[in-house]
Amino acid sequence: MDLHSRFMTVADLRRAARRRVPRFAWDYLDTATGTESTARRNRAALDNVLFTPSILDGEVAPDLRTMLLDRQHPLPFGVAPVGQSGLLWPGAERLLAREATRAGLPYTLSTVANATPEEVGPETGGDGWFQLYPPRDEEIRHDFLARARDSGFRVLVLTLDVPVASRREKQVKGGLVQPPRLTPRIAAQCALRPAWSLATLRSGMPRMKTLDRYSQDATTRDPTAHVGYLLRTAPDWDYLRWIRKFWQGPLVVKGVLRSEDAAGLEAEGVDAIWVSNHAGRQFDGARGAIDYLPGVRAATTLPLIFDSGIESGLDILRAIASGADFVMLGRAWHYAVCALGDQGPAHLMEMLRRDLTATIGQLGVAHPVDLRGKAEFANPAPTSE
Ligand SMILES: Cc1cc2nc3c(=O)[nH]c(=O)nc-3n(C[C@H](O)[C@H](O)[C@H](O)COP(=O)(O)O)c2cc1C
């Protein structure tokens with residue numbers, strides 16, 4: 001059976017990935033916060049967006065090319081920032097950056113990745129996206145932006161939906177600490193996952209490498225507190241203005257749900273807005289992320305990027321029909337890499353491309369944005385107020 005018959009859905013990739021990643025790392029990848037009800041609502045809210053198939057449209061060739069921030073992408077999706085990708089699968093950051101760039105899709109490197117901007121930037125051909133968790137210290141902030149720019153990152157993504165740490169109970173119980181320590185319990189989990197363990201032995205214990213050079217500035221040697229000290233700022237509008245002033249390239253703000261915030265961000269000169277509830281990892285009492293899209297769409301003319309729970313081409317069309325211009329996926333790329341290694345990214349891209357083509361072909365339109373205004377809802381529609 002060829003790969004596309006064996007792994008036809010993101011759920012297939014997830015099942016295979018789970019069998020190859022040790023428990024403590026899996027719990028980091030696959031955990032939301034609280035009872036994980038926001039994560040479940042993400043799925044339910046996507047499923048609530050429906051279309052009615054169309055007939056007698058003749059040959060309609062799908063056109064999935066999409067412009068975003070002055071670049072044309074062949075497909076309307078890309079790679080969301082995922083911290084510690086290299087813990088999930090060794091070398092995942094560079095692999096995803098290289099494969100996404102080769103396919104003409106944007107790759108976003110997380111502040112808390114296991115590879116530095118200097119290592120990953122060259123893989124993005126000068127077109128990378130760098131995600132910033134807002135550092136408290138102004139000098140460190142400066143340094144992050146200079147490193148990102150000098151390493152070939154064109155777009156800055158400022159993530160603002162982590163003003164405090166979330167509890168992520170399952171992740172904590174899984175035993176992951178910073179940097180990961182080989183306790184007897186973790187060692188036993190690794191022994192059950194030999195492919196991951198061998199690859200990790202070869203590349204070394206993953207750590208949040210981008211933060212290395214600031215270690216001596218930390219007020220504490222406790223590594224968990226250290227990350228918190230550096231990055232866990234609760235920024236305000238002045239902070240945003242500072243970033244806007246110092247970053248000359250396109251600036252995207254990630255984690256926006258309220259329409260009034262979107263309007264304010266547009267007024268401050270932000271270039272795009274990323275609607276996301278962080279896949280339910282930060283707050284367990286929010287609506288499904290897609291339910292916020294119509295409201296944000298009505299409040300701003302800026303390009304909208306969307307993530308949280310996307311699993312298929314149909315989901316991508318649902319987001320675009322609800323107001324998004326572009327869609328990002330986080331976990332799905334990592335399921336693909338953990339399940340299929342080097343072949344994972346290209347496999348996921350092709351799977352989503354096939355699903356997009358098969359689905360849009362039922363709807364009588366060529367381009368996903370032609371679906372705007374055509375979505376129907378199984379349960380009452382989200383309001384745009
Ligand atoms: C394991 C993991 C780590 C993440 N780390 C970051 C991060 O470092 N920065 C960030 O802005 N978002 C981070 N996110 C959130 C993603 O960028 C994205 O919003 C979310 O995963 C999208 O939902 P999806 O995984 O259902 O596609 C992380 C998500 C996961 C699953």
Side-chain angles (χ1 to χ4, degrees), residues 10-11 13-14 17 21 24-33 36 38-46 77-89 92-93 96 106-115 117 120 129-135 144 148 155-163 165-166 168 170-171 174 176 178 206 208-211 227 230-232 235 252-257 273-283 286 288-290 292 305-312 315-316 318-319 324 326-338 348 352:
V10 168
L13 293 169
R14 179 177 178 275
V21 176
F24 74 100
W26 182 259
D27 284 344
Y28 173 65
L29 172 62
D30 215 48
T31 294
T33 200
E36 307 197 329
T38 295
R40 285 192 297 279
R41 273 191 296 279
N42 280 340
R43 184 66 259 154
L46 282 159
F77 61 87
V79 186
V82 163
Q84 306 202 71
S85 281
L87 167 77
L88 304 169
W89 201 264
E93 287 92 353
L96 281 166
Y107 169 81
T108 318
L109 179 70
S110 162
T111 312
V112 290
N114 301 121
V120 178
W129 291 30
F130 181 76
Q131 176 265 330
L132 187 74
Y133 277 134
F144 265 119
V155 176
L156 183 72
V157 176
L158 177 66
T159 299
L160 292 181
D161 58 5
V162 186
S166 68
R168 287 194 218 146
K170 209 166 76 191
Q171 178 184 309
L176 176 63
Q178 278 321 318
M208 297 173 178
K209 261 183 163 177
T210 307
L211 309 184
V227 173
L230 272 175
L231 305 175
R232 228 161 258 141
V252 180
V253 170
K254 176 169 183 280
V256 179
L257 297 174
I273 286 176
W274 190 321
V275 174
S276 166
N277 64 19
H278 218 112
R281 292 166 72 83
Q282 287 303 118
F283 179 66
I290 197 170
Y292 294 98
I305 298 162
F306 175 79
D307 78 25
S308 293
I310 296 287
E311 292 180 280
S312 63
D315 284 346
I316 292 171
R318 287 170 156 147
F326 205 80
V327 171
M328 295 287 199
L329 300 92
R331 284 167 301 167
W333 292 105
H334 291 78
Y335 298 149
V337 170
C338 296
L348 179 68
L352 294 173

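Along the sequence shown, residues carry numbers from 1. Each ligand, and each atom within it, is numbered from 1 in the order the structure gives. No experiment lies behind these values; they were computed from the predicted model shown.
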May I ask you to decide if [Y]'s main-chain N or O and [X]'s side chain share a donor-acceptor pair within less than 3.5 Å?
X      : Y      : answer
Ser166 : Arg281 : yes
Ser85  : Glu93  : no
Tyr28  : Gly83  : yes

#### Entry: Electrostatic pair Arg14:Asp30 at N-O distance under 4.0 angstrom
yes
### Message
Regarding Gln131 and Thr108, do their side chains bring together a donor and an acceptor under 3.5 Å, going by distance alone?
### Response
no
### Query
Who are the residue neighbours of ligand 1 when the rule is a heavy atom under 4.0 Å from any of its atoms?
Tyr28, Leu29, Ala80, Pro81, Val82, Gly83, Ser110, Val112, Gln131, Tyr133, Thr159, Lys254, Ser276, His278, Ala279, Arg281, Asp307, Ser308, Gly309, Leu329, Gly330, Arg331
### Message
For Ser312, give me all partners under side-chain contact (heavy atoms from CB on, under 4.5 Å), at least two apart in sequence or on another chain.
### Response
Leu314, Asp315, Asp355
